[in-house]
Amino acid sequence: MKRFETLDQIIDSGFCIGCGLCKALAPDAAIEMRMNTDGHLRPVPTRAIDQSEEQAILDLCPGINVTGPFSTDAAPGFDAVWGECRRVAKGYATDRDLRFAASSGGIMTAINIHLLNTRQVEFVLQAIPDPENPYGSIPAICRTKEDLMKANGSRYASAATLSTILDVLDLGEPFAVSLKPCDVAGIRNLQRRDARARDLVRFTQAMFCGTVPSVSALEGFYARRDMDFQKDRPTSFRWRGNGCPGPTIATMPDGRILEATYNELWDDNPWTTQFRCKLCPDAIGLQADIAVGDNWFEGVPKGEGEGWNALTAHTQIGLEVLNSCEAADEIKLIDSDIEHLNNVQPHHVKMREEMKSRLSACNDSGLAAPNFSELNLDRCSDRLSPDAQEKVRKGTAARIDQISRS
Ligand SMILES: Cc1cc2nc3c(=O)[nH]c(=O)nc-3n(C[C@H](O)[C@H](O)[C@H](O)COP(=O)(O)OP(=O)(O)OC[C@H]3O[C@@H](n4cnc5c(N)ncnc54)[C@H](O)[C@@H]3O)c2cc1C
Ligand code: SF4
Ligand code: SF4
């Protein structure tokens, strides 16, 4: 089995997801995170990279290293796809302003506020809107409710969220992270090696994550209005939120407001998924204490409505925080079950079931093999018939062949 041997190989073979951890791990290489033409951040070393720094990247990069939490399948509420689920629920933040402004029901932000208020952490590391790029996100340390409210809403843009992680650890204060599953995978990789990270990262939340898409949806959004994505730059851009899913809103320098529905943005404009996202063995936050997503039946919104989240607590601390947040009346929860998660996240179930076959096609095509382990991919794959597994494998092989020819 071919293994990854260089940073360039991770990037060139499409396994980079722009988390920025390599920038933190390789200070001598002075890595810059630069936007590629698809709108994704990618690392560019500006000096030669030394061997020990490159080895640290190869060991910890979450693009190629995801080690799951599955030590046992006898754990409470175990499910092949969803992992250990100590509590499954649907719900929303009781703060009406938060619920309205947030991406879905505001549960992620409500839990972060609770963690700060109860002094379990001193701050939350998350992604906030980039003041220099209306579409972008940057990592930020949020110490107050006001800081956290700036971070809410989903931004479908890479954020290099781990690029500052060693500086964050240098602060020496306990903190939580509230990010994408692959960002949490990077944090877990670091924790396995770094005692400081084990000690200081006290809580992790992840959202269920479809992908960070290419900017072509935005190009389409402007083209449909006879405008140009490159030239017509808004002063602010809101992907969703202010309702559920809430409108996509671009505010232009002359005061014009351009508005689209969530379904128009994603259904009427062409866009692509990052290659690594098609091979994501954990896009549902299996490694996080709590994982949170949308609560739309069959995974798509049927118009506007009040925000709800579907969620699960994977760990004991996740369960305790969820319960204490509920007891403090900061979130309203209705208990639910795995069948409900399957109903509201069918694309994630399909992805987990297909992942072993997809990865096997990559292996057959001679691509270097990522280290994706303890993720229960065998059990997920067993839910498909041998014919269905073979169909997925052939389909993935054909797509890889197409990419390598283009
Ligand atoms: C890229 C992306 C893909 C998603 N795909 C799915 C999906 O397939 N299925 C699904 O059910 N839900 C998906 N979501 C999650 C969904 O949009 C909501 O974020 C989730 O339901 C939590 O809602 P909330 O109201 O509790 O979040 P809020 O309270 O609004 O908090 C949002 C949280 O997301 C973080 N965040 C926002 N943008 C980014 C970013 N670019 N990178 C890292 N962190 C970010 C914020 O820092 C904050 O912690 C996705 C979100 C993102 C950002
Ligand atoms: S550490 Fe993150 S940014 Fe660096 S190569 Fe890996 S996925 Fe890409
Ligand atoms: S699908 Fe997976 S790899 Fe892609 S952005 Fe989401 S969590 Fe990261």
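Counting starts at 1 for both ligands and their atoms, in listed order.
Numbered from 1 in the order shown, with element, the atoms of ligand 2 that lie under 4.0 Å from a heavy atom of Gly20 read 2 (Fe), 3 (S). Within ligand 3, the atoms closer than 4.0 Å to a non-hydrogen atom of Lys180 are 5 (S), numbered from 1 in the order shown. For ligand 1, the atoms sitting less than 4.0 Å from at least one non-hydrogen atom of Tyr156 are 1 (C), 2 (C), 3 (C), 4 (C), 17 (O), 52 (C), numbered in the order shown with element in parentheses. Within the listing of ligand 1, atoms 8 (O) sit less than 4.0 angstrom from a heavy atom of His347. Short contacts between ligand 3 and Arg276, defined as distances under 4.0 Å to a heavy atom of the residue, involve ligand atoms 3 (S). Heavy-atom proximity to Ile107, at under 4.0 Å, picks out these atoms of ligand 1: 26 (O). In summary, the atoms of ligand 1 found under 4.0 Å from a heavy atom of Gly105, numbered by their order in the structure, are 25 (O). Atom numbering of ligand 1 starts at 1 in the shown order; those under 4.0 Å from a heavy atom of Thr109 are 28 (P), 29 (O), 31 (O). Residue Cys16 approaches ligand 2 through these ligand atoms, each under 4.0 Å from one of its heavy atoms: 3 (S), 5 (S), 7 (S), 8 (Fe). Less than 4.0 angstrom separates some heavy atom of Gln126 from each of these atoms of ligand 1: 46 (C), 47 (O), 48 (C), 49 (O). Below 4.0 Å from some heavy atom of Ser178 lie the following atoms of ligand 1, by number and element: 47 (O), 49 (O). Ligand 2 places these atoms under 4.0 Å from at least one heavy atom of Leu7: 5 (S).
One finds the CG atom of Asp289 at 9.0 Å from the NE2 atom of His314 (value rounded to the nearest 0.5 Å). The CG atom of Asn295 lies 9.0 Å from the CG atom of Leu311; values are rounded to the nearest 0.5 Å. The distance from the CG atom of Asp268 to the CZ atom of Arg224 is 4.5 Å, given to the nearest 0.5 Å. Considering CD1 of Ile49 and CG of Asp8, their distance stands at 8.0 Å, rounded to 0.5 Å. One finds the CG atom of Leu148 at 9.0 Å from the CG atom of Asn152 (value rounded to the nearest 0.5 Å).
None of the N, O or S atoms belonging to Cys280 lies under 2.8 Å away from atom 4 (Fe) of ligand 3.
Protein heavy atom nearest atom 16 (C) of ligand 1, with residue, atom name and distance: Ser154 OG, 3.5 Å. The protein non-hydrogen atom at the shortest distance from atom 46 (C) of ligand 1 is Ala151 O, 3.4 Å. The single protein non-hydrogen atom nearest to atom 6 (Fe) of ligand 3 is Cys209 SG, 2.3 Å, given as residue, atom name and distance. The shortest contact between atom 35 (C) of ligand 1 and any protein heavy atom is with Met207 CE, 3.6 Å. Distance from atom 4 (Fe) of ligand 3 to its nearest protein heavy atom, with residue and atom name: Cys277 SG, 2.3 Å. The protein atom (non-hydrogen) at minimum distance from atom 21 (O) of ligand 1 is Ser104 OG, 2.7 Å. Considering only non-hydrogen protein atoms, atom 50 (C) of ligand 1 sits nearest to Phe208 O, 3.4 Å. Nearest non-hydrogen protein atom to atom 1 (S) of ligand 2 is Cys22 N, 3.4 Å. Protein heavy atom closest to atom 5 (N) of ligand 1, with residue, atom name and distance, is Gly210 N, 2.8 Å. The protein non-hydrogen atom at the shortest distance from atom 8 (Fe) of ligand 3 is Cys182 SG, 2.3 Å. The nearest protein atom to atom 2 (Fe) of ligand 2, hydrogens excluded, is given as Cys19 SG, 2.4 Å; this is a heavy-atom distance. Distance from atom 47 (O) of ligand 1 to its nearest protein heavy atom, with residue and atom name: Ala127 O, 3.0 Å.
The closest side-chain donor-acceptor pair between Asn342 and His348, if any, does not fall under 3.5 angstrom. Counted by atom type alone, Ser104 and Asp294 present one or more donor-acceptor pairs between their side chains at under 3.5 Å. Defined by atom type and a distance below 3.5 Å, a donor-acceptor pair is missing between the side-chain atoms of Asn263 and Thr261. In this model, a donor atom of one side chain and an acceptor atom of the other lie less than 3.5 Å apart for Arg192 and Asn189. Donor-acceptor pairing under 3.5 Å is recorded for the side chains of Asp59 and Gln55.
With hydrogens and angles disregarded, no donor-acceptor distance shorter than 3.5 Å links the side chain of Arg188 to the backbone of Thr67. Under a 3.5 Å cut-off, the side chain of His40 and the backbone N or O of Val212 do form a donor-acceptor pair. Side-chain atoms of Asp183 never come within 3.5 Å of backbone atoms of Thr161 as a donor-acceptor pair (strictly under, hydrogens ignored). Under the 3.5 Å distance criterion, the side-chain polar atoms of Arg155 are matched with a main-chain donor or acceptor of Ala151.
Under the salt bridge (Lys or Arg N to Asp or Glu O under 4.0 Å) rule, Glu173 has a single partner from Arg143, Arg196, Arg202, which is Arg143. Remark: of the listed residues Trp308, Trp296, Tyr92, Phe100, Trp296 is the sole one forming a side-chain contact (heavy atoms from CB on, under 4.5 Å) with Cys244.
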Should Phe221 and Trp271 be marked as a ring-ring contact (aromatic ring centres under 6.0 Å, His included) after you check the CA-CA gap, both sets of side-chain angles, and the distance that decides it? CA-CA 11 Å; Phe221 171 84; Trp271 52 275; over 10 Å; no

Is there a side chain to side chain contact (heavy atoms under 4.5 Å, CB included) between Val124 and Phe175? Walk through the geometry before answering. CA-CA 6 Å; Val124 182; Phe175 64 100; over 6 Å; no

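Considering backbone and side-chain N/O atoms, Gly293 comes within less than 3.5 Å of an N/O atom of ligand 1.
Residue contacts with ligand 2: Ile17 is included, with a non-hydrogen atom under 4.0 Å away. A heavy-atom separation below 4.0 Å is found between Gly106 and ligand 1. Not close to ligand 1: Arg99, with no non-hydrogen atom less than 4.0 angstrom away.
When Gln345, Arg155, Met108 are checked for heavy-atom proximity to atom 38 (N) of ligand 1, Arg155 turns out nearest. Summarising the contacts of atom 37 (C) of ligand 1 with Ser137, Ala101, Gly153, the nearest heavy atom is found in Gly153.
By the criterion of a heavy-atom distance under 4.0 Å, the side chain of His348, and not its backbone, is placed next to ligand 1. With a heavy-atom cut-off of 4.0 Å, Thr211 touches ligand 1 through its backbone alone. Contact annotation: for Ala157 versus ligand 1, heavy atoms closer than 4.0 Å belong to the backbone alone. The residue Ile57 has no part lying near ligand 2, judged by heavy-atom distances below 4.0 Å.
Counting heavy atoms from C-beta on, the side chains of Ser103 and Arg240 come closer than 4.5 Å.
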